[in-house]
Amino acid sequence: MMNEKIIRHKNGMAVLFLTTIVYILAIFGVFAGIAISPFVTIASIVWLCIGWFPYCGLRVIKPQEALVLTLFGKYKGTLKEEGFYYVNPFCSAVNPAANTHLKQSGDVTVQEVKVATAANGSSANVSVPTVSKKISLKIMTLSNNRQKINDCLGNPVEISIAVTWRVVDTVKAVFDVDNYKEYLSLQCDAALRNIVRNYPYDIAPNVDTTGDGVADEGSLRGSSEIVAERIREEIQQKVRKAGLEILEARITYLAYAPEIAAAMLQRQQASAIVDARKMIVDGAVGMVEMALERLNEKDIVNLDEERKAAMVSNLLVVLCGNKDAQPVVNSGSLY
C-alpha cells in the first residue's frame with residue numbers, strides 16, 4: 001500500500017526566471033552568433049525550439065488544493081501546500097473523479113465560451129465545463145437523491161441525506177478506489193438503507209432499534225439526530241479506505257411514500273383525536289369528582305345514588321361535548 005508523499009520544494013519562481021533569462025539570451029545569440037561563431041547561432045536556435053519545455057513543469061497550487069503526480073506510471077508525490085512549484089515536465093496529474101458530476105458542491109466549473117454559427121455569422125454563449133485534475137481538499141456537501149426504503153415495520157418511507165465530507169489522503173482517494181466520488185455516493189446509499197430499516201417512522205411498541213435486545217422509543221421522526229449519527233459512522237467505516245473523512249450527516253427529507261401517505265395521515269389524525277379525547281375525559285372525570293366532594297363537604301344538597309348518576313351524566317355531557325351546552329331549566333320539583 002502506498003503512503004502519501006508530500007512534495008515541499010517550491011522552486012517554480014527560480015526556474016521561471018532562469019528559463020526566461022536563457023530564452024532572452026538565446027534570441028540575442030541568434031544575431032550575435034553571426035559575428036562570433038556559427039555554433040552560437042545553432043545553439044541559440046535549438047534552445048528557441050526546445051526552451052519552452054521547462055515551462056511545462058510549472059505548477060500553481062492554491063490553498064486547499066492538491067495535485068497527485070505520476071511519472072511514467074509511477075507515483076512521484078503530491079503537491080498539497082499552496083505555492084509555485086517546478087516538477088518534472090513529464091509528470092502527469094491523476095484524478096479519476098475529475099469529470100464526475102454529482103449533486104454536490106464544487107464538482108464542475110462552468111465557463112461560457114462564444115461559438116460562431118455558420119448560418120449568419122452570429123455568436124452565442126455556450127456553457128462548457130472545465131475539468132481540472134486538481135483534488136479539492138475543501139469541505140464539500142453531497143446530497144443524494146431520495147430513496148424509498150421500508151422501515152422496520154415494513155412501511156415504505158422516502159428519505160434523503162446530506163453528507164459533509166473532505167479528502168484527507170490523496171493517494172488512497174486516487175489509487176485505492178476507482179472513483180472516490182462515485183464510491184462515496186454508493187456507500188451513502190448503502191449505509192442509509194442499512195440504518196433506516198432498523199427504525200420505525202414513528203414510535204412503535206416492542207421495537208428494538210439499537211440491537212441490544214431491549215425495546216426502546218427510537219424512530220426516524222423522533223430520533224433524527226441519533227439516526228444521522230449512526231449513518232455518519234456507517235459511511236465513515238466504509239470510506240476510510242478511500243482516504244475520505246465524513247464530518248456530518250443530516251436527514252434533509254423524510255416522509256411516507258405517496259402510496260401510503262394518505263392512510264398514514266388519517267392514522268395520525270385518529271391517534272391525535274384519541275389522545276385529545278382521553279385527556280378531555282380524564283379532566284372531566286376529575287372535575288366531576290371534585291364537584292361531588294365539594295357538595296358533600298359543604299352539605300349543600302344530599303343526593304341519592306340515582307341523582308348522583310344523573311348529575312355525573314349531565315356534567316360529562318357538558319364537559320366532553322364538542323359544542324356549548326344549552327341547559328334546560330326545571331322550574332318544578334327536583335323529585
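Because the structure is predicted, anything quoted here is derived from the model rather than measured. Values reported hereafter were calculated over all heavy atoms of this structure, with side chains retained and with hydrogens, waters and symmetry mates removed.
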Nearest 0.5 Å, please: how far is [atom2] in [Y] from [atom1] in [X]?
| X | Y | atom1 | atom2 | answer |
| --- | --- | --- | --- | --- |
| N88 | L69 | CG | CG | 9.5 Å |
| R221 | I251 | CZ | CD1 | 12.5 Å |
| L244 | I235 | CG | CD1 | 11.0 Å |
| F175 | T170 | CZ | OG1 | 8.5 Å |
| N155 | E259 | CG | CD | 10.5 Å |
| K181 | M140 | NZ | CE | 5.0 Å |

For [X] and [Y], work out which heavy atoms get closest and say how close.
| X | Y | answer |
| --- | --- | --- |
| Y183 | K241 | OH-CD, 3.4 Å |
| C91 | K76 | SG-CG, 4.3 Å |
| Y85 | I7 | CE2-O, 3.5 Å |
| R240 | K172 | O-CD, 4.2 Å |
| T78 | A66 | CG2-CB, 4.2 Å |
| A93 | L67 | CB-CD1, 3.6 Å |

Working note: N3 + V171, criterion side-chain contact (heavy atoms from CB on, under 4.5 Å); need CA distance, chi angles, decisive distance, verdict. CA-CA 7 Å; N3 295 323; V171 174; over 6 Å; no
Could you go step by step and tell me if N198 and C152 meet the side-chain contact (heavy atoms from CB on, under 4.5 Å) rule? CA-CA 5 Å; N198 296 323; C152 67; 5.8 Å; no
Could you check whether atom [atom1] of [X] has more than 12 heavy atoms from other residues, nucleotides or ligands sitting under 6.0 Å from it?
| X | atom1 | result |
| --- | --- | --- |
| D178 | CG | no |
| E245 | CD | yes |
| F90 | CZ | no |
| K238 | NZ | no |

Whether Y23 and Y55 hold their rings parallel, tilted or perpendicular, with breakpoints at 30° and 60°: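 Tilted, since the angle between the ring planes falls between 30° and 60°.
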Keeping the roles fixed (side chain from [X], backbone from [Y]), state whether a donor-acceptor pair exists under 3.5 Å.
| X | Y | value |
| --- | --- | --- |
| T252 | S160 | yes |
| D216 | T209 | yes |
| Y75 | K5 | yes |
| E65 | K62 | yes |
| S223 | I226 | no |
| D208 | D212 | yes |

Can you list every pair that meets side-chain hydrogen bond (donor to acceptor under 3.5 Å, both in side chains) and has a residue in residues 188-197, with sequence neighbours left out?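 Checked against side-chain hydrogen bond (donor to acceptor under 3.5 Å, both in side chains) - neighbours excluded - the pairs reaching residues 188-197 are N144-D189, Q147-D189, Q147-R193, N194-R197, N194-E234.
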Do N95 and V68 come within less than 4.5 Å of each other through their side chains, counting heavy atoms only?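 No, every pair of side-chain atoms sits at 4.5 Å or beyond.
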Any side-chain heavy-atom pair from V174 and P96 closer than 4.5 angstrom?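 Sidechains of P96 and V174: in contact.
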What about [X] and [Y], same hydrophobic cluster or not, with Ile/Leu/Val/Met/Phe/Trp/Tyr joined at side-chain heavy-atom distances under 4.5 Å?
| X | Y | answer |
| --- | --- | --- |
| I50 | I42 | yes |
| V15 | V60 | yes |
| F53 | L58 | yes |
| I135 | L184 | yes |
| V196 | Y201 | yes |

Stepwise, does the side-chain contact (heavy atoms from CB on, under 4.5 Å) test hold for L153 with V207? CA-CA 9 Å; L153 300 180; V207 174; 4.3 Å; yes
Test side-chain contact (heavy atoms from CB on, under 4.5 Å) applied to L254 and S224, step by step: CA-CA 10 Å; L254 177 63; S224 57; over 6 Å; no
Indicate whether any N or O donor in one side chain lies under 3.5 Å from an N or O acceptor in the other, for T100 and Y180.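 No - no donor-acceptor pair under 3.5 Å links their side chains.
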By salt bridge (Lys or Arg N to Asp or Glu O under 4.0 Å), which residues pair with R232, not counting sequence neighbours?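 With sequence neighbours excluded, R232 shows a salt bridge (Lys or Arg N to Asp or Glu O under 4.0 Å) to E229, given in chain and number order.
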